[in-house]
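In what follows, a single structure is set out as structure tokens and then discussed.
Chain naming here is simple, since letters A, B, ... match the order of the sequence lines and numbering starts at 1 in each.
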Protein chains: 2
Amino acid sequence: MIKRTKGVTISQVADAAGVARSSVSRAFTRPDMLSPETVTRIMKAAEALGYVPNHTARALSTGRHGNVGLIVPDIANPFFPPLIQAAQLEADRSDFCIFLGNTEENPKQEDKLVGRFAGQVEGLVLASSRLSDERIRAHAGLLPLVLINRDIDGIPRVLIDSGSGVREAVEHLAQLGHRRIVYVSGPSNSWSNKQRRTAIKAAATRLGIVVETVPAVLASYNSGRQAVGAILATGATAAVAFDDLTAQGVLAGLSEKRVSVPGDFSLIGCDDVLGAVTYPALTSVSNRSTEAGRVAVSLLLDMLQSRAIRDVRYVLETHLVVRNTTTAAR
Amino acid sequence: MIKRTKGVTISQVADAAGVARSSVSRAFTRPDMLSPETVTRIMKAAEALGYVPNHTARALSTGRHGNVGLIVPDIANPFFPPLIQAAQLEADRSDFCIFLGNTEENPKQEDKLVGRFAGQVEGLVLASSRLSDERIRAHAGLLPLVLINRDIDGIPRVLIDSGSGVREAVEHLAQLGHRRIVYVSGPSNSWSNKQRRTAIKAAATRLGIVVETVPAVLASYNSGRQAVGAILATGATAAVAFDDLTAQGVLAGLSEKRVSVPGDFSLIGCDDVLGAVTYPALTSVSNRSTEAGRVAVSLLLDMLQSRAIRDVRYVLETHLVVRNTTTAAR
DNA sequence: ACTTGACATGCAACCGGTTGCATGGAAATC
DNA sequence: GATTTCCATGCAACCGGTTGCATGTCAAGT
């Protein structure tokens, strides 16, 4: 059976070192206020007793617990893990811990999580929030908030501009001689989907090529797979998909129909989450989710330190990553 | 500019309701101790002021902060997100929050995270820990701990037995007439890898079929892809890969060499993390990571409530999920 | 020698709750 | 009507730190 050691308190250390509690506290937080000898004496005593400052007590009196929250709609979506990882790394650099929340795409759950976190974190990062603008504003009134991929005036935000990458994608296809392309769209209520479709249309118009939209119905992979019939029916020679998973579905669907990629058809994904593991390796638009996570946390920590809210709008441009699913039109 | 409301304290509510602080506290934690009228009066006052109990203060005096920690080696590994999600869901059911830690496969980082978490969580779940047995034992002495995929006597643990599924995989191949198969191995220091290789050898011997091991060198996907030459050189007609990513690499490698799957070669993955998005859809061994996450948290919460440590060893069996990458040997 | 100042340390209040015990009044018992 | 019992509530200590202010000491300044 394992016995659990009860915590050593600051008073015990103080007694052992023959000083007041406040001196022990200062030895840990502001050693410059004490004489070097006292500090070493206290440290030695603390060491001997195995003293570790109580995080909760410290948080109570200082109001800073050294935690920030990060809320994402779906951990299982490959877009988020790199973002989470980067956020954690950045927080770590300043000795902050990350509280992670997963909302399952559910605004109710998101609201609940924000409330639950509010008391234990100094600030919050909301990634691709599903909440209404009003709710977000309300929360922002209670604690420092940074948004990722959500554009609300007055609240610091980090936006990934897939438009720039998508534009490059269309230019790339145009250069290869494709005159008729398809956009395989994603969820209609998605901010990113709108952004991407708009960018494609604009670029295509400018370059004088035709673009048709094939809507997605099911979840991304299957949606892409099922869309292949409609895609081929348009007579297009290339497609840009809403995201990599959709693209992967299209790839499978084309393979089933014996349409070779890139020989007979060129395909481009978005978000580059597959890390080139498809065959052939998918040409895609980079996602910058890593930077987004890092920047968001860094912004948040800045706010915490300066106790001020600046109206920051940090935009991350994306680019086309050319691999093996695009080639010249026949 | 957004103004931040400073917290409403229990004293303010007490004043507003004309009662003592203790009564307000009881109204929230043990309303049965108060007369119903008093409770409603207090609640009304609290509501009006927008009072929310201070989590930190409560944690300090009760010693329970309602958080549990979850530490994983790599969020980006698709094995973990479902586990995390399930853990979070289970914690939520008991009004607990999850602290997530990512160690980047680094024992030092893991040690650091455990220490950092220790003060703020009531218990910890370590998934696929990279720490030594001694370190884990040491931590278990300080706070309640549950392990996932790590088998240490005396510490509650949840183990995913991929052996059972791998056995089914070999039986499946034998039934299809394969007499010579390959195991494409994973990281040599991995518990799962050892478990899988052992299970395959045992099953193969029992069924009288030959199994050779082709070692992995690089990270899973590329490793699988590069291993194809060695795999084909053995003259085997089927392979079981350490995990799905490796299998996906093998699939790509085979495709490059114009070996058709399953026509010319049968392939089975492990962990079933790809959700049937490969083409052809990969036959794989289920992973049960969702249950593992759920059970681990549930076990931990039990420990917290009963304040006792039972020597639990919870084993989850896996099974073969047959899809389209396996067929009869030529 | 006397004041002044700097510096090291201690005292005690405070952060915002929880909880064991005391108290007072009403209801129940005799 | 006096005594016991019970229940609702208040008092005050406590959780384990932090921090403004007071105090005492010693060296420098005049």
**Prompt:** So does A:Y314 have more than 12 non-hydrogen atoms from other groups sitting under 6.0 Å from OH?
**Reply:** no
**Message:** Please tell me whether A:T38 and A:S35 have a donor and an acceptor in their side chains that are separated by less than 3.5 angstrom.
**Reply:** yes
**Asked** Going by atom types alone, do B:Q120 and A:T56 pair a side-chain donor with an acceptor below 3.5 Å?
**Response**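 No, no side-chain donor-acceptor pair sits under 3.5 Å.
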Close N or O pairs between protein and nucleotides 23-28 of chain C (under 3.5 Å):
none

**Request:** Without swapping roles, check the side chain of B:R21 against the backbone of B:I10 for a donor-acceptor pair under 3.5 Å.
**Result:**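 No; judged by distance alone, with no hydrogens or angles, the pair does not exist.
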**Asked** What is the per-nucleotide protein-contact pattern of nucleotides 12-22 of chain C, from the 5' end, where B denotes a base atom under 4.0 Å from a protein heavy atom, S denotes such proximity for sugar-phosphate atoms only, and - denotes neither?
**Response** -B-BBBBBB--
Could you tell me if the side chain of [Y] sits less than 4.5 Å from the side chain of [X], heavy atoms only?
X      : Y      : result
B:V68  : B:L124 : no
B:S128 : B:F80  : yes
B:I152 : B:R137 : yes

